[in-house]
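Everything numeric in this text was worked out from a predicted model, so none of it was measured. Residue numbering restarts at 1 for every chain, and letters A, B, ... go by the order of the sequence lines.
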2 protein chains.
Amino acid sequence: MANRNPATLALSALGDGTRRSIFERLTRGPAAVVDLARGLPVSRPAVSQHLKVLKQAGLVREVADGTRRIYHVDPRGVGALRDWLDQHWRGALAAFQHYADDINDKESSP
Amino acid sequence: MANRNPATLALSALGDGTRRSIFERLTRGPAAVVDLARGLPVSRPAVSQHLKVLKQAGLVREVADGTRRIYHVDPRGVGALRDWLDQHWRGALAAFQHYADDINDKESSP
DNA sequence: ACTTACCGTAAGCCATGGCTAACCGAAATC
DNA sequence: GATTTCGGTTAGCCATGGCTTACGGTAAGT
């Protein structure tokens with residue numbers, strides 16, 4: 001069930017509220033784990049675990065800086081998610097257009 | 001923790017694999033609950049429950065047709081998700097640019 | 001009217017996964 | 001080298017939520 005394609009991994013990762021908070025925070029600039037844990041209602045290990053998931057999803061990367069690990073968003077992962085959404089966005093519009101046409105046909109035919 | 005804003009609801013909803021399958025199926029055209037349950041490894045009531053979540057997230061809507069309920073994607077919900085992603089996409093690019101600049105500074109300064 | 005098809009909901013089971021506490025290693029500072 | 005800071009990992013607890021079974025209700029067909 002758990003597909004390995006990037007968009008699927010990204011969506012599963014962002015399905016959790018705490019991970020969304022971390023991700024949104026990182027879109028405003030890189031941060032260390034300690035900094036992320038501050039301002040979140042969960043412990044630091046919890047943040048580490050979430051970062052691991054976000055990393056496996058291709059949404060973030062980290063760079064060592066002394067004992068600190070500076071996390072930043074990975075545009076490639078976000079791009080994959082963007083592609084997935086654009087693709088289904090077009091499909092949604094097309095499907096909705098067909099649906100609207102069918103409604104019009106049904107209303108105007110009798 | 002569970003925000004009520006449309007993008008948050010949509011992301012939470014699409015975090016589940018079965019719901020993603022249902023949503024992706026509906027982007028290729030409207031379908032009744034029975035049709036959706038066929039081709040999925042879960043029961044029909046499970047599909048109904050997933051559709052309820054997708055509906056509350058603003059991603060789908062349904063139209064009664066006799067005893068059948070024809071579900072179709074709701075472009076507005078998808079649009080909200082698209083806006084959220086575009087916003088953070090820009091943030092990600094800007095943050096990544098700053099990060100790249102910092103790396104260059106660190107490498108060229110000593 | 002009876003039957004059939006379609007669907008939403010309630011109750012309950014159980015696996016998933018998010019969380020904390022505790023531990024350990026690595027790097028910087030003194 | 002001792003201390004401090006930072007962070008990944010493990011073990012285990014427990015709430016969340018996804019699933020099935022069973023039921024009731026509505027609309028179409030005969």
Side-chain angles (χ1 to χ4, degrees), chain A residues 1-4 8-26 29-74 106 110, chain B residues 1-4 8-26 29-57 59-72 74 106 110:
Chain A
M1 178 71 70
N3 279 4
R4 294 284 182 236
T8 291
L9 287 175
L11 281 171
S12 292
L14 293 178
D16 178 73
T18 303
R19 278 196 293 267
R20 271 197 306 275
S21 296
I22 294 175
F23 174 78
E24 293 181 353
R25 166 67 182 80
L26 289 179
V33 181
V34 156
D35 299 328
L36 292 171
R38 263 186 279 273
L40 283 180
V42 297
S43 68
R44 181 195 54 77
V47 174
S48 271
Q49 292 164 1
H50 284 307
L51 286 169
K52 184 178 183 179
V53 175
L54 289 171
K55 184 181 175 184
Q56 289 173 340
L59 288 170
V60 304
R61 301 190 118 196
E62 96 266 34
V63 173
D65 176 28
T67 67
R68 301 165 70 94
R69 302 262 187 139
I70 310 300
Y71 280 83
H72 59 89
V73 292
D74 187 346
K106 285 213 173 187
Chain B
M1 178 72 69
N3 280 2
R4 296 283 181 236
T8 291
L9 287 175
L11 281 171
S12 292
L14 293 177
D16 178 72
T18 304
R19 278 197 291 267
R20 272 197 304 275
S21 296
I22 294 175
F23 174 76
E24 293 181 354
R25 166 69 182 81
L26 289 180
V33 180
V34 156
D35 299 329
L36 293 171
R38 263 187 278 274
L40 283 180
V42 297
S43 68
R44 181 196 53 77
V47 174
S48 271
Q49 292 165 2
H50 284 306
L51 285 170
K52 183 177 183 179
V53 175
L54 289 171
K55 184 179 174 183
Q56 290 174 339
L59 289 170
V60 304
R61 303 190 115 195
E62 96 266 34
V63 173
D65 176 28
T67 67
R68 302 166 69 95
R69 301 263 185 137
I70 309 300
Y71 280 82
H72 59 89
D74 187 346
K106 286 213 173 188

* Structure fact -> Nearest heavy-atom approach of A:Ser12 to A:Arg19 is O-NH2, 3.8 Å
* Asked: Within the pair A:Ser43 and C:dT20, is there a side-chain N or O less than 4.0 Å away from OP1 or OP2?
  -> yes
* To do: Would you please test A:Arg68 and A:Asp35 for salt bridge (charged side-chain N to carboxylate O under 4.0 Å, His left out) and show each step?
  => CA-CA 10 Å; A:Arg68 301 165 70 94; A:Asp35 299 328; 3.0 Å; yes
* To do: Can you figure out which of C:dG18, C:dT20, C:dC6 approaches the side chain of A:His50 most closely?
  => C:dG18
* To do: Rounded off to whole Å, could you give me the CG-to-P distance for the A:Asp65 and D:dG8 pair?
  => 13 Å
* Check if the side chain of A:Arg44 and the base of D:dG8 share a donor-acceptor pair of N or O atoms closer than 3.5 Å. => yes
* Structure fact -> In A:Val33, A:Val60, A:Ile22, the residue satisfying side chain to side chain contact (heavy atoms under 4.5 Å, CB included) with A:His50 is A:Ile22
* Structure fact -> Walking DNA chain C from its 5' end, the first of B:Arg38 and B:Lys52 to be reached, judged by nearest nucleotide, is B:Arg38
* Distance, rounded to the nearest Å, where A:Asp35 contributes CG and D:dG7 contributes P -> 7 Å
* Structure fact -> side chain to side chain contact (heavy atoms under 4.5 Å, CB included) test vs B:Leu54 passes for just one of B:Leu9, B:Asp16, B:Asp74, B:Leu59, namely B:Leu59
* A:Leu14 CG to C:dG18 P: how many Å, rounded? -> 12 Å
* **Atom-pair distance (CD1 on B:Ile70; P on C:dG8), nearest Å** => 11 Å
* Asked: Going by heavy atoms in the side chains, are A:Leu36 and A:Leu51 under 4.5 Å from each other?
  -> yes
* **Nucleotide D:dC6, atom C1' - distance to CD of A:Glu62 in whole Å** => 13 Å
* Asked: Atom CD of B:Gln49 to atom C1' of D:dA22: distance rounded to whole Å?
  -> 13 Å
* Between A:Leu51 (CG) and C:dG18 (P), how many Å, whole number? -> 13 Å
* Have a look at A:Ala64 and say if it touches a base, only the backbone sugar-phosphate, or nothing, with a 4.0 Å heavy-atom cut-off. => nothing
* Is there a side-chain polar atom (N or O) of B:Ser48 under 4.0 Å from OP1 or OP2 of C:dG8? -> yes
* Starting from the 5' end of DNA chain C, give me the residue, A:Thr67 or A:Ala46, whose nearest nucleotide shows up first. => A:Ala46
* Within the structure, does a side-chain N or O atom of A:Tyr71 lie under 4.0 Å from either OP1 or OP2 of D:dC6? -> no
* **Presence of A:Arg69 side-chain N/O under 4.0 Å of C:dA26 phosphate oxygens OP1/OP2** => no
* Length of the line joining A:Leu40:CG and D:dG7:C1', which is rounded to integer Å -> 16 Å
* Between D:dT26 and B:Arg68, is there an OP1 or OP2 to side-chain N/O distance shorter than 4.0 Å? -> no
* DNA chain D: 5'-proximal contact among A:Val47 and B:Val53 (nearest heavy atom) -> A:Val47
